[in-house]
Every structure is written in C-alpha cells, then in structure tokens.
Amino acid sequence: MTVTADLNVSARDKAPGDVPRHVAVIMDGNGRWAVQRGLPRTEGHRAGVAALRRIVRHSAARGVEFLTLFSFSSENWSRPAAEVGFLMSLLHRFVRRDLAEIHRQGVRVTMIGEREGLEPSILGLILEAEELTRNNTGMTLVVAFNYGSRNEILRATRKVAERVAAGELAPGEIDEATISANLDTADLPDPDLIIRTSGEQRLSNFLLWQAAYSEFYFPDLHWPDFDEHALDEAFAAYAERDRRFGGLSAKVAR
C-alpha cells in the first residue's frame with residue numbers, strides 16, 4: 001500500500017475553522033492490537049504503518065500544515081532486540097516504498113530527535129528523505145525518531161550555555177524565545193492538537209516544552225484502527241474547544 005491521493009489540496013477543499021494547523025500524534029497500541037488478535041507484536045507494527053499512510057494522506061487532504069508523528073522514542077531502544085530490529089526494517093521499507101510518492105505529492109519530510117550515535121544506515125535514510133523533499137511546499141511531515149523531549153531540552157540548554165560561556169549571550173538575555181530557538185522544533189509552530197491513541201492519557205516525554213497550550217485528544221482506538229473517520233472526529237472535537245492561551249477567551253485574545 002502506498003500513499004496515492006493528491007496531497008496538494010487547494011484552499012477551497014479545506015474545511016475552515018475546524019482543522020488545526022499542527023497536529024502531533026503519539027501512535028500507541030500496536031502491540032496491544034496484535035495481542036488482542038492472537039498475533040505477534042510485529043504484526044501490530046506492520047498494521048501501524050498502514051495506519052500511518054492513511055493519516056498522512058488524510059491530514060494533508062484536510063489542510064493540516066504540519067503533522068508530527070512520534071515514531072520511535074529514545075526509550076524504545078530498551079525493547080527486545082528482535083522487536084527493535086523489526087521496527088528498523090519497517091522504517092527502511094516505508095522510506096523505500098513511500099518516499100518517492102510522498103515527494104511527488106509535495107510533502108516535506110523532516111526529523112526531530114537525537115541524531116548522534118544513530119546507525120549510518122538509519123541516519124542515511126533520514127538524510128535522504130530530508131534532502132529529497134527539502135524544497136517541497138505541501139504539508140510538512142515531522143518524524144520524531146530517537147526522540148525524547150527531556151533530551152531535546154537538555155541539548156538546547158547546552159547550546160545556550162555554550163553561547164554564554166563564549167560571551168555571545170548574557171544570562172539575563174535568556175528568555176523563552178532563546179530556548180525555543182535551540183530546540184529541534186525551532187522552525188515549527190507549537191502543536192495545536194496532540195492525539196494519543198489507545199486510551200492512554202500521558203505525554204510520555206513527547207514535546208513537553210511545545211505542548212504548553214496544546215489541546216489533547218485521547219481516543220480508545222489502538223493506532224492500527226485509527227482511520228480517516230477517527231481523525232475527522234478528533235478535528236471535530238478540536239473545533240469545539242475554546243483556546244484561551246491563559247486569557248479569558250480565544251475570541252477576546254484575537
């Protein structure tokens with residue numbers, strides 16, 4: 001299965017007012033989906049890739065500008081070696097089978113997460129995807145790989161500290177914008193909506209800084225069952241939220 005729908009959607013096809021600009025997804029429940037069906041956990045991950053393709057396609061069709069997918073956390077390396085190896089093989093297959101089509105549809109791919117220490121073959125795939133799609137102007141697909149938010153904040157803090165030590169920045173000049181500019185997401189808007197499938201209601205070290213004013217949505221569906229209709233339901237719930245950003249009303253704030 002490949003991404004075949006036209007992702008370059010015109011403004012007239014976008015439903016006004018109900019689609020978040022930046023959607024972030026914690027794709028949870030692949031293993032539980034498989035266990036419930038008496039299947040190996042690897043089959044859940046395989047089905048999860050099919051769900052990923054559906055959601056990338058439908059997000060772009062609905063007019064989402066940025067879609068961030070939590071594909072592999074820095075903690076996931078502690079899983080059994082066979083499962084980690086299978087996940088890496090899925091990444092290889094996804095890039096090899098789908099990158100050309102994603103590129104043709106104008107999607108730009110970028111990665112957030114710790115790159116230092118990654119196997120050359122994995123890092124090469126990531127760099128290939130980024131380079132091929134660098135100048136695309138459609139939806140930006142952000143792949144959070146080997147990502148942990150505390151590690152991201154730690155790395156950003158070290159960068160700022162190095163500037164202070166070099167005399168380039170005074171401690172009193174450090175503000176929120178300074179930290180944000182040194183995060184992996186420096187070129188991205190904060191997520192408007194964060195979806196976590198499988199009914200779990202926690203962030204699990206995902207976009208901790210960026211999620212300060214995000215809306216959250218926790219469907220009971222496991223990720224392989226999360227489809228276009230489920231995403232539309234998430235957007236409908238989001239459209240009903242009153243985002244105040246610390247004020248009395250989003251309407252007043254505007």
Side-chain angles (χ1 to χ4, degrees), residues 17-28 55 59 62-76 108-115 139-164 169-219 223 226 230-231 233-254:
D18 64 349
V19 177
R21 183 185 182 202
H22 183 179
V23 179
V25 185
I26 301 173
M27 303 179 292
D28 195 15
I55 296 309
S59 295
R62 287 298 308 273
V64 173
E65 295 181 37
F66 301 88
L67 175 65
T68 298
L69 300 175
F70 200 7
S71 64
F72 194 85
S73 77
S74 52
E75 290 82 14
N76 286 158
R108 182 172 71 94
V109 179
T110 188
M111 174 200 154
I112 59 174
E114 176 63 82
R115 301 189 182 207
M139 184 181 75
T140 296
L141 175 61
V142 184
V143 180
F145 182 83
N146 195 28
Y147 176 85
S149 190
R150 288 183 174 182
N151 173 266
E152 176 191 29
I153 294 170
L154 174 62
R155 288 185 284 111
T157 303
R158 285 174 175 166
K159 291 177 187 176
V160 174
E162 288 169 0
R163 291 185 59 197
V164 171
L169 184 69
E173 295 175 326
I174 300 171
D175 55 15
E176 291 184 11
T178 308
I179 302 299
S180 294
N182 286 278
L183 295 172
D184 295 350
T185 55
D187 298 325
L188 304 171
D190 289 343
D192 301 292
L193 175 65
I194 296 179
I195 300 169
R196 179 171 186 151
T197 57
S198 204
E200 302 291 352
Q201 299 186 17
R202 58 181 179 271
L203 279 175
S204 295
N205 201 19
F206 182 54
L207 300 178
L208 300 178
W209 177 278
Q210 300 86 341
Y213 285 103
S214 300
E215 297 295 324
F216 296 91
Y217 184 75
F218 301 110
W223 175 247
F226 194 79
L231 186 63
E233 288 188 332
F235 289 170
Y238 171 82
E240 295 298 319
R241 308 281 179 91
D242 182 18
R243 303 188 72 200
R244 295 183 294 275
F245 299 96
L248 295 179
S249 168
K251 297 179 178 64
V252 172
R254 285 196 295 268

Qualifying salt bridge (charged side-chain N to carboxylate O under 4.0 Å, His left out) pairs with a residue from residues 177-191, counting only residues at least two apart or across chains
Arg155-Asp184
I'd like to check Leu69 versus Val143 (side-chain heavy atoms, cut-off strictly below 4.5 Å). Are they in contact?
no
Close side-chain approach of Leu154 to Arg158, heavy-atom, < 4.5 Å
yes
I'd like to know if the side chain of Ser73 and the backbone of Tyr147 have a donor-acceptor N/O pair within less than 3.5 Å.
no
Spell out, as yes or no, whether a donor-acceptor pair under 3.5 Å connects the side chain of Ser59 to the backbone of Val64.
no
Can you list everything that forms a ring-ring contact (aromatic ring centres under 6.0 Å, His included) with Tyr213? Sequence neighbours excluded, please.
Phe245
Is any side-chain heavy atom of Glu173 less than 4.5 Å from a side-chain heavy atom of Thr178?
no
When you compare the side chain of Pro219 with that of Glu233, does any pair of heavy atoms fall below 4.5 Å?
no
Any donor and acceptor pair, going by atom type alone, linking the side chain of Asn146 with main-chain N or O of Gly113 inside 3.5 Å?
no
Please check if any side-chain donor atom of Ser198 sits under 3.5 Å from a side-chain acceptor atom of Trp223, or the reverse.
no
Can you tell me how the ring of Phe66 sits relative to the ring of His22, calling it parallel under 30°, perpendicular over 60° and tilted otherwise?
tilted
Using modelled atom types only, decide if a donor and an acceptor are shared between the side chain of Arg241 and the backbone of Phe216 within a distance under 3.5 Å.
yes
Test side chain to side chain contact (heavy atoms under 4.5 Å, CB included) on Phe70 and Leu207; report intermediate values, then the result.
CA-CA 10 Å; Phe70 200 7; Leu207 300 178; over 6 Å; no
Should we count CZ of Arg115 as having more than 12 external heavy atoms under 6.0 Å?
yes
How far apart are the C-alpha atoms of Val23 and Ile55, what are their side-chain angles, what is the distance that settles it, and do they pass the side chain to side chain contact (heavy atoms under 4.5 Å, CB included) test?
CA-CA 11 Å; Val23 179; Ile55 296 309; over 6 Å; no
Might you work through the side chain to side chain donor-acceptor pair (under 3.5 Å) test for Ser149 and Trp209, ending with a clear yes or no?
CA-CA 8 Å; Ser149 190; Trp209 177 278; over 6 Å; no
Any side-chain heavy atom of Tyr238 within less than 4.5 Å of one from Asp18?
no
Which pairs with one or both residues in residues 195-209 pass salt bridge (charged side-chain N to carboxylate O under 4.0 Å, His left out), sequence neighbours excluded?
Asp28-Arg196, Arg32-Glu200, Glu200-Arg202
